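To start, the structure itself, in structure tokens.
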There are 2 protein chains.
Amino acid sequence: MPTVTGHPERHAPTLEAVAEAAGVSRATVSRVVNGSPSVRGAVVEAVQKAIADLGYVPNRAARSLASSRTHSIALLVPEDVSRFFGDPYFASFTGGLDRRLADTEYVLNLVVARDDPGRKAVRYVRGGNVDGAIVVSHHRGHDFLRQLEGSVPIVYGGRPDVALSAEPVFVDVDNEAGGHLATRHLIESGRTRIATIAGPEDMPAALDRLAGFRRALREAGLPDDAVVHANFTASGGAEAMRTLLSRHSDLDAVFSASDLMASGALTALASRGVDVPGDVAIVGYDDSPAATWGEIGLTTVRQPSELMGATAVDVLLRLLAGDADVPHENIVQTELVIRDSA
Amino acid sequence: MPTVTGHPERHAPTLEAVAEAAGVSRATVSRVVNGSPSVRGAVVEAVQKAIADLGYVPNRAARSLASSRTHSIALLVPEDVSRFFGDPYFASFTGGLDRRLADTEYVLNLVVARDDPGRKAVRYVRGGNVDGAIVVSHHRGHDFLRQLEGSVPIVYGGRPDVALSAEPVFVDVDNEAGGHLATRHLIESGRTRIATIAGPEDMPAALDRLAGFRRALREAGLPDDAVVHANFTASGGAEAMRTLLSRHSDLDAVFSASDLMASGALTALASRGVDVPGDVAIVGYDDSPAATWGEIGLTTVRQPSELMGATAVDVLLRLLAGDADVPHENIVQTELVIRDSA
DNA sequence: ACCGTGGGAGAGAGCGCTCTCAGGAGGCTC
DNA sequence: GAGCCTCCTGAGAGCGCTCTCTCCCACGGT
């Protein structure tokens, strides 16, 4: 069997080499590489030609050692990776994040803080290994996040429900409004006994959607007591649906706080022979791929999750650039996508 | 609004500082940090105490500049991020990968090569920014992967179907055996008109499963012509199922090359009033969460995707350590998980 | 007593870049 | 035409670590 040891680029050209080829000094090449405006056009061209000829690629390590900027940002996931990425919302958030980052020279480091309660991840972030961090899928009680404060700029995906000493910067969707929007739609289509499959009780986003649900019902003078919590999975949604059916035989509509749970609920309803939307109308949340999996298109609240990812990056880049007046709250709005289920 | 500029750790302690505190030289501290055996026990302890007292964390950039090892490895995804992570198989693969990596000092860089045909990603990997790479979700025709050869050690998740000049190292599941296993199960339970919802025609894994399917049918003397390709999504599966139903009214079993597609197929069958497994039996592939979403538990072929991720890391670490006899083919076996659908 | 021998520690030269500072060449002003 | 700017460019000192080379010292053999 042949040996398979790989070797890094042999003798990758350095700044020095480019400088020599272009007949200028190292400093000038550095200026060109970093887009300094104070280099004569002719020189810029000469340097760029040399760079192209030699196939020069800046050495990240050297650069970051000299500048104490790493040009990498952490995607901090305080959760099991497979669960995180298995959620279409986060998958799409990460997609937006990556796409926005692709134009920059920043690189994404996946930092997972699942079983150690943040120690390793915190040390990594605080250890100056990244310029900034985007924290997603944080739950209430993730207090280790406090240890990140004051180290590097941090942007949260979703408002953090952790006692932080400074006002956190976050991007979030207006979950309360989203829950209200969905529920309002059910009310307006004449439903009167409306239940909800809410998300986990330790997640602010879930609670906000629930609050919106309740507000809409209160405003309409309808009862808001049919609530079951589930864990944002399809099987959880199916089970919650069964619970709701057994508890409230009169229910005619359900607002599910995620499409995945709604798809589970649809399955549960189908197997009970309940017609959707005839007997029971259902509105989901996310506009994820799950919304169109079934035969019945799911009416749902679209969260611009990709946009959120991109926004998180934008905000972080502004912080990194030293922009002083970056808004702390970056709220994106939801919209209703009407399909068949309600 | 307060200014939110973050600052990296002020005056993080350096090797120098630790050396001074411990009363030894920089070199000795370096030895201790890197676990060199040639330092006296007493000295090791003194240094470790100093490290703990000062809260010293090695500077990655400096270390990698000096050693030309970056201690980071790339997770190269030549695909849209959201699609990639939306697939439970990959989500779980990444989970295994991360979990295995957590014990090491390596860090994962997410490198996506979606729209640019590999240029930026290739330059990143070749540019000496990572010590090695794990390439996943590659399709046939991703020839830019050839440009990675000879740069750093690479491990593929799934056998690459690209003309490489050297024998690639990969971990893979025995897809042919998996397809055979599933189909065999259907045959043994007395089904005679068995169709398959196959995966994309440009993915080796999908083709191997199809080959296993065909072999099982051939061995049993049954027809193997009921084949529809779909794209590994639930909606694709639903559509494929409808196509199959219209083409082969006599079919009594389906092997779906992924659970996600199978769940779509189940939905399609349910809406047509076809009883599962009474009228049509169905076997999925992956044993992903999707297998237990519905009311009907999906009989499926379990791929140890997490194990595969972990194995990919193991193999890569061995390559990085210069291990000469690393096997090129690392095949893990599938097993049948029997639930309700077949 | 002499010379090896070898383990353990220090010295010091980089790794490839950034960034401050200094200085040269022109172009202005009066 | 002297003096002063302004605009560009070069020189050179690090950034924090690794790693080779050298040195020191204790020990053993003869």
Side-chain angles (χ1 to χ4, degrees), chain A residues 7-48 50-51 54-72 105 126-129 131 322, chain B residues 7-48 50-51 54-72 105 126-129 131 322:
Chain A
H7 301 280
E9 207 85 309
R10 301 212 165 283
H11 287 305
T14 68
L15 252 204
E16 192 82 50
V18 175
E20 192 173 356
V24 297
S25 74
R26 227 167 52 237
T28 299
V29 178
S30 175
R31 289 190 184 97
V32 172
V33 170
N34 294 294
S36 156
S38 66
V39 181
R40 247 186 328 140
V43 176
V44 172
E45 279 172 32
V47 171
Q48 279 171 342
I51 289 178
L54 274 65
Y56 168 74
V57 179
N59 177 310
R60 269 183 119 68
R63 179 181 267 193
S64 92
L65 178 58
S67 65
S68 61
R69 258 174 293 116
T70 64
H71 288 290
S72 54
E105 52 185 338
R126 290 199 72 90
N129 295 303
D131 293 344
Chain B
H7 301 280
E9 207 86 309
R10 302 211 164 284
H11 289 303
T14 68
L15 251 203
E16 192 82 51
V18 175
E20 192 173 358
V24 297
S25 74
R26 229 168 49 236
T28 298
V29 178
S30 176
R31 289 193 184 96
V32 172
V33 169
N34 295 295
S36 156
S38 65
V39 181
R40 252 188 322 140
V43 176
V44 171
E45 280 172 33
V47 170
Q48 278 171 342
I51 289 178
L54 274 66
Y56 168 74
V57 179
N59 178 311
R60 267 184 122 68
R63 178 180 267 193
S64 93
L65 178 57
S67 65
S68 60
R69 259 174 292 117
T70 63
H71 288 290
S72 54
E105 53 184 338
R126 290 198 73 90
N129 295 302
D131 293 344

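Hydrogens, waters and symmetry mates play no part in the numbers below; they use all other heavy atoms, side chains included. Note that the structure is a prediction, hence the values are computed from the model and not measured.
Note: CG (B:Leu65) to C1' (C:dG16) measures 6 Å, nearest angstrom. Whole-Å rounding puts the A:Asn34 CG to C:dC17 P distance at 11 Å.
The minimum heavy-atom distance between B:Arg26 and B:Ala19, with the atom names listed, is N-CB, 3.7 Å. Contact between A:Asp131 and A:Thr70 at its shortest, heavy atoms only, is OD1-N, 2.7 Å. Looking at every heavy atom in both residues, A:Arg31 comes nearest to A:Val39 through CB-CG2, 3.7 Å. Of all non-hydrogen atoms in A:Leu54 and A:Ala21, the two that sit nearest each other are CD1-CB, 4.2 Å. Closest heavy-atom contact between B:Val33 and B:Tyr56: CG2-CE2, 4.2 Å.
The side chain of B:Ser25 contributes an N or O atom lying less than 4.0 Å from OP1 or OP2 of C:dG10. Between B:Arg40 and C:dA9 there is a side-chain N or O to OP1 or OP2 distance below 4.0 Å. Between B:Asn59 and D:dC15 there is no side-chain polar atom (N or O) within less than 4.0 angstrom of OP1 or OP2. Phosphate proximity of C:dT18 to A:Ser30: present, with a side-chain N or O under 4.0 Å from OP1 or OP2. In this structure, A:Ser68 does not reach the D:dC15 phosphate: none of its side-chain N or O atoms is under 4.0 Å from OP1 or OP2.
Here B:Val33 lies out of heavy-atom contact (under 4.0 Å) with every strand. Nucleic acid contact class of A:Arg69 (heavy atoms, under 4.0 Å, all strands): sugar-phosphate only.
Between D:dT18, C:dG16, C:dT18, one nucleotide has an atom nearer to the side chain of B:Leu15 than all others, and that is D:dT18. When distances run from any side-chain atom of B:Thr14 to the nucleotides C:dG10, D:dC17, D:dG10, the shortest one goes to D:dC17. For A:Ser38, taking side-chain heavy atoms from C-beta onward, the closest of the listed nucleotides D:dG16, D:dT9, C:dG12 is D:dT9. Checked against C:dC17, C:dG12, D:dT9, the side chain of B:Arg26 finds its nearest nucleotide in C:dG12. For A:Ala66, counting side-chain heavy atoms from C-beta on, the closest listed nucleotide (D:dT18, D:dT9, D:dG14) is D:dG14. Among the nucleotides D:dC17, C:dC19, C:dA9, the one closest to any side-chain atom of B:Val39 is C:dA9. For B:Arg63, the listed nucleotide lying nearest its side chain is D:dC17; candidates were C:dG8, D:dC17, D:dC19. Distance from the side chain of A:Pro58 is smallest for C:dC17 among the nucleotides C:dG16, C:dC17, C:dG8.
The base of D:dG10 sits with one of its N or O atoms less than 3.5 Å from a complementary donor or acceptor on the side chain of A:Arg31.
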